[in-house]
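Starting from 1, each residue takes its place in the sequence as its number.
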Amino acid sequence: ANHISMQNYIKYFPRADFIVTLRHPILWFESFYNFRFANDPNPPETKSMVAACFYGLQGVCADRGSFHDQLIRLAKTSISNQELQLLTKK
């Protein structure tokens with residue numbers, strides 16, 4: 001979810017409950033990679049995707065799997081002050 005989407009959830013659905021299901025992170029990444037590059041004869045190496053996204057990766061990067069960041073922004077999960085400090089250092 002991007003920043004605008006998150007603001008819309010907060011604005012229009014402040015009391016919404018979410019059911020969150022997650023796949024294993026490696027299986028999620030593998031599936032996303034295969035989906036995006038299925039017809040690409042020269043897909044990028046996965047080692048270039050272990051951090052933030054950049055142009056040419058078609059949105060495939062490990063950073064996209066930070067689902068906990070979105071849940072924290074929506075105040076749908078608890079977080080300690082120490083954890084919050086660690087996230088703000090990103």
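Applying the salt bridge (Lys or Arg N to Asp or Glu O under 4.0 Å) test to Lys11 and every residue at least two apart in sequence or in another chain returns nothing. For Pro25, there are no side-chain contact (heavy atoms from CB on, under 4.5 Å) partners, not counting sequence neighbours. Phe13 meets the ring pair (Phe, Tyr, Trp, His ring centres under 6.0 Å) test with no other residue; sequence neighbours excluded. Residues passing the side-chain contact (heavy atoms from CB on, under 4.5 Å) test with Asn8 are Ile4, Tyr12, sequence neighbours excluded. In this view, Asn81 satisfies the side-chain contact (heavy atoms from CB on, under 4.5 Å) rule with no residue, not counting sequence neighbours. With sequence neighbours left out, the side-chain contact (heavy atoms from CB on, under 4.5 Å) criterion links Arg23 to Leu27, Trp28, Ser31.
Taken to the nearest 0.5 Å, the SG atom of Cys61 stands 13.5 Å off from the OH atom of Tyr33.
Shortest non-hydrogen contact noted between Phe29 and Val60 is CE1-CG1, 3.9 Å. Across all non-hydrogen atoms, the minimal contact from Phe37 to Pro43 is CB-CB, 3.8 Å.
Counting only residues at least two apart or in different chains, salt bridge (Lys or Arg N to Asp or Glu O under 4.0 Å) contacts with residues 35-56 comprise Glu45-Lys47.
Remark: the backbone N or O of Ser80 is paired with a side-chain donor or acceptor of Glu83 at under 3.5 angstrom.
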